[in-house]
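Take a look at the structure set out below.
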Amino acid sequence: MNYWLMKSEPFKYSWEQLLKDKKTSWDGVRNFQAANNLRAMEKGDRAFFYHSNEGKEIVGIVEIVKTAYLDPSDETGKFVMVDVKPVEAVKNSVTLAQIKSQKSLQNMALLKQSRLSVSPVTKAEWAYICKLAA
DNA sequence: GCCAACGTTGGC
DNA sequence: GCCAACGTTGGC
């Protein structure tokens, strides 16, 4: 099982919206690196749902329910999307400031490549953040 | 195939 | 709203 972090601007697509929808297609990715991460996802993988811009915090956990397939909103036919469903909200949202202040989280892709909207999370990072969120 | 110009993302 | 970082595009 692999772990990921997926960013969304809350006013574009929020955690609350996902809870209402029960499931969503993660479309609109137009970055090759992010798309490669989407392709690497397997059914059952977990991902943190992160609110960028507004909030800047991890608010929930999602599960990949469908692996990468062509994003119909992409006219070039190069980019893919996956389907995700909410697993649970985190008890305490983990803010970017918190992540930055943790020594063991300094190497997170989230910090190193702040513009990458879909990034991998190591097992250790996942466990650490889950502890912060509990 | 290099690199300048440009566009976008996202933190502050 | 600004600006830094960085990915992408297009001319050469």
Side-chain angles (χ1 to χ4, degrees):
Chain A
M1 150 123 76
N2 294 307
Y3 302 101
W4 310 93
L5 183 143
M6 302 170 95
K7 284 188 201 175
S8 182
E9 300 180 32
F11 47 87
K12 212 167 143 200
Y13 192 85
S14 67
W15 172 253
E16 289 73 23
Q17 188 62 45
L18 178 60
L19 288 181
K20 260 186 243 166
D21 293 347
K22 303 276 201 298
K23 182 183 141 176
T24 195
S25 299
W26 203 273
D27 64 352
V29 169
R30 294 293 181 271
N31 170 287
F32 291 112
Q33 222 178 325
N36 281 339
N37 289 332
L38 288 181
R39 279 184 238 269
M41 288 178 178
E42 287 170 34
K43 207 173 166 181
D45 282 0
R46 298 268 165 119
F48 288 126
F49 192 109
Y50 175 85
H51 277 167
S52 63
N53 276 317
E54 299 259 327
K56 283 168 287 182
E57 58 192 6
I58 291 168
V59 288
I61 293 173
V62 299
E63 181 178 324
I64 312 305
V65 292
K66 186 169 179 186
T67 54
Y69 58 106
L70 212 59
D71 181 349
S73 72
D74 171 34
E75 291 172 3
T76 67
K78 286 182 199 160
F79 291 100
V80 293
M81 61 187 191
V82 298
D83 288 355
V84 301
K85 71 165 188 196
V87 175
E88 59 181 357
V90 295
K91 205 179 262 175
N92 298 299
S93 54
V94 179
T95 65
L96 182 64
Q98 262 180 294
I99 292 171
K100 279 188 172 170
S101 70
Q102 300 298 325
K103 228 182 208 161
S104 40
L105 298 177
Q106 289 307 300
N107 288 323
M108 278 193 76
L110 173 69
L111 300 183
K112 299 221 151 170
Q113 286 172 279
S114 61
R115 291 185 49 204
L116 194 57
S117 58
V118 181
S119 61
V121 174
T122 68
K123 203 171 180 182
E125 289 161 354
W126 182 272
Y128 197 92
I129 290 173
C130 284
K131 233 186 279 174
L132 291 179

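Quick caveat: nothing in here was measured; it's all calculated off a predicted structure. Note on naming: letters A, B, ... go to the chains in the order of the sequence lines (proteins, then strands), and numbering restarts at 1 for each one.
- Contact annotation: K100(A) reaches the phosphate of dC12(B) (side-chain N/O to OP1 or OP2, under 4.0 Å).
- The distance between atom CG of N53(A) and atom P of dT8(B), rounded to the nearest whole Å, is 15 Å.
- A heavy atom lying under 4.0 Å from DNA chain C marks the following residues of residues 30-39 of chain A, by number: N31(A), F32(A).
- If you measure from atom CZ of R115(A) to atom C1' of dC6(B), you get 12 Å, rounded to the nearest angstrom.
- Rounded to whole angstrom, the span from the CG atom of L110(A) across to the P atom of dG10(B) amounts to 10 Å.
- Taking atom CD of Q113(A) as the reference point, atom C1' of dT9(B) lies 13 Å away to the nearest angstrom.
- You'll find that the side chain of S117(A) is closest to dG10(B), out of dG10(B), dG7(C), dC12(B).
- In this structure, V82(A) and D45(A) have side chains that are not in contact, with every pair of non-hydrogen atoms separated by 4.5 Å or more.
- Rounded to an integer number of Å, the gap from CG of L111(A) to C1' of dG10(B) is 13 Å.
- When the side-chain nitrogen and oxygen atoms of K7(A) are compared with OP1 and OP2 of dT9(B), none of them lie within a distance under 4.0 Å.
- When each of W4(A), F49(A), Y13(A), F79(A) is checked for a ring pair (Phe, Tyr, Trp, His ring centres under 6.0 Å) with W26(A), only F49(A) meets the rule.
- The shortest side-chain heavy-atom distance between D71(A) and V29(A) does not fall under the 4.5 Å cut-off.
- Atom pair I99(A):CD1 and dG11(B):P shows a separation of 10 Å (rounding to whole Å applied).
- Side-chain contact, S14(A) with Q17(A): no donor N or O sits under 3.5 Å from an acceptor N or O.
- In this structure, the side chains of W126(A) and I61(A) come closer than 4.5 Å at one or more pairs of heavy atoms.
- Taking 4.0 angstrom as the limit, Y50(A) places a side-chain polar atom (N or O) nearer than this to OP1 or OP2 of dG11(B).
- Interatomic distance, CE of M41(A) versus CD1 of I64(A), reported as 4.5 Å (0.5 Å rounding).
- T24(A) has its side chain out of reach of V62(A): every pair of non-hydrogen atoms, C-beta onward, lies at least 4.5 Å apart.
- Counting to the nearest Å, the P atom of dG11(B) and the NE2 atom of H51(A) are 13 Å from each other.
- As rounded to whole Å, 15 Å separates atom C1' of dT9(B) from atom CG of L5(A).
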